[in-house]
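Working notes, structure below.
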There are 2 protein chains.
Amino acid sequence: MPSVSPRRSVAATRETRQRILERGLAIASAEGLEGLTLGRLAADMAMSKAGVLGHFGTKESLQLAVVDAAAEVFSREVPGRVRQAPTGLPHIEAVCEAWVSYLERNVLPGGCFFTAATAEFDGRSGPVRDALAGMNALWRRDLRIHIRRAVSAGHLAPDTDVDQLIYEIVGIMLALNHFLQLEHDDQAPARARRALKRTLAGAVRS
Amino acid sequence: MPSVSPRRSVAATRETRQRILERGLAIASAEGLEGLTLGRLAADMAMSKAGVLGHFGTKESLQLAVVDAAAEVFSREVPGRVRQAPTGLPHIEAVCEAWVSYLERNVLPGGCFFTAATAEFDGRSGPVRDALAGMNALWRRDLRIHIRRAVSAGHLAPDTDVDQLIYEIVGIMLALNHFLQLEHDDQAPARARRALKRTLAGAVRS
DNA sequence: CCTACCGATCGGTAGG
DNA sequence: CCTACCGATCGGTAGG
């Protein structure tokens, strides 16, 4: 007979942890990953600071967990929505459209978490910065694979500068987040789509 | 006979204030405008917190003064360097080149102050956010004027979508700052120049 | 420009 | 998961 019946079941604990992370991600997207304080998060959750901290140990662990939670949301909302798209250029177009749509729908109150957190931490050092850089690198790697496939399939020109194309796509997305968050410019998604169309058209095999 | 001989001359006080702002701008570009704390700034300046605060009154006033100082540096380094460029497309090209060069030379340790501060404050409200939004709007207005002149001069196509062009240029610059700060990618300036060339070429009168 | 404070909040710990 | 703390730091003030 196992010594069970803890105060809270493992499942309930895990659920609380997930709720904390969802709230933390929303706060961090709008107010920054450093602005996400234990006191603020605890107040939002109607918990004590110690209760929140108990799930993570340190603030840095909380920040790393929020980065992971952000990656999960992004994966679900962008690559996760286009798995059915045909390989090559159609897949790239679908990924870009899902990305624009993700920002357009304001899934997180502060826009793209990674854009905000990266700008916040790019001048620092440590595990959080490294985790953010790693996520950015992973995402670029994903893009790179799909662009290469589009070249192999003959959709894009054989001399396509893959890193140049990634650079330009990232710029279009950074601008979209910028104009949405700072100017609340509802024409920004249309501009992003136009810019993406023009940029991809310039790389199409002629 | 005026009651003069204060402890410090007006000129010396102004100079100290300027030194504080220069240091504050460097800190803020790397660690954020909120991460610029009075204690940190005072320690860097080998002054007391009260000594620093005396020049500004409140932290918010310090932040607003840093925003103004950033605008002065940017004006000097970008538009200030291309006043001799001929009106129209050559002026736009010169401005973009000065902008890339400004980021390439790492004038501020954390890259573009406005990019970092805008990302930090775009989800908030208040005078600092408003000042940053105003500076962004001023700069876009400047770009818009030069693009319109290039259209009038017949350098750019008459049906040029001015705001679309601004959007794409801003995206290229945001990406430049992103890849420089996060990846220390020394190929990023070349990519920015290539993207600018392609984008402007697409708008040239055919 | 300084010293000497203030209340509030920070991340974190002890103990239950 | 809580209460009750801790030392450090925050922005800011008083008084000189």
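To find a chain, count down the sequence lines: A is the first, B the second, and so on, and within it residues start at 1. Below, each value reflects all heavy atoms present in this structure, side chains not excepted, and no hydrogens, waters or symmetry copies.
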* Sequence-aligned protein contact record of nucleotides 2-8 of chain D, with B where the base is within under 4.0 Å of a protein heavy atom and S where only the sugar-phosphate is -> BB-----
Keeping [X] on the side-chain end and [Y] on the backbone end, is there a donor-acceptor pair under 3.5 Å?
X: B:E120; Y: B:G32; answer: no
X: A:T13; Y: A:S9; answer: yes
X: A:T160; Y: A:L156; answer: no
X: B:D122; Y: A:Q181; answer: no
X: B:K49; Y: B:L41; answer: no
X: B:Q164; Y: A:R191; answer: yes

* Asked: Would the A:F74 and A:Y102 ring centres measure less than 6.0 Å apart?
  ->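 Ring centres of A:Y102 and A:F74 closer than 6.0 Å.
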* How far apart are the C-alpha atoms of B:W99 and B:L176, what are their side-chain angles, what is the distance that settles it, and do they pass the side chain to side chain contact (heavy atoms under 4.5 Å, CB included) test? -> CA-CA 10 Å; B:W99 201 353; B:L176 176 54; over 6 Å; no
* To do: Mind listing the residues from residues 53-68 of chain B sitting with a heavy atom below 4.0 Å of DNA chain D? Number order is fine.
  =>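 Residues of residues 53-68 of chain B under 4.0 Å from DNA chain D: B:L53, B:T58, B:K59.
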* Structure fact -> Looking only at heavy atoms, the pair that brings A:L108 and A:S29 closest together is CB-OG, 3.7 Å
* To do: Just call it for B:T16: base, sugar-phosphate, or nothing, with non-hydrogen atoms closer than 4.0 Å on any strand.
  =>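 Counting heavy atoms under 4.0 Å across all strands, the contact made by B:T16 is with sugar-phosphate only.
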* To do: Using side-chain hydrogen bond (donor to acceptor under 3.5 Å, both in side chains) as the criterion, list what pairs up with B:D142, not counting sequence neighbours.
  => none
* Net bend of the helix from C:dC1-D:dG16 to C:dG16-D:dC1, end axes of five pairs each, nearest 10 degrees ->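 The angle, to the nearest 10 degrees, is 0°.
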* Structure fact -> Sorted by chain and number, sequence neighbours left out, salt bridge (Lys or Arg N to Asp or Glu O under 4.0 Å) with A:R17 holds for none
* Asked: When you look at CZ of A:R105, are more than 12 heavy atoms from neighbouring residues, nucleotides or ligands closer to it than 6.0 Å?
  -> yes
* Asked: Which residues, if any, of residues 22-41 of chain A bring a heavy atom under 4.0 Å of DNA chain C?
  -> A:T37, A:L38, A:G39
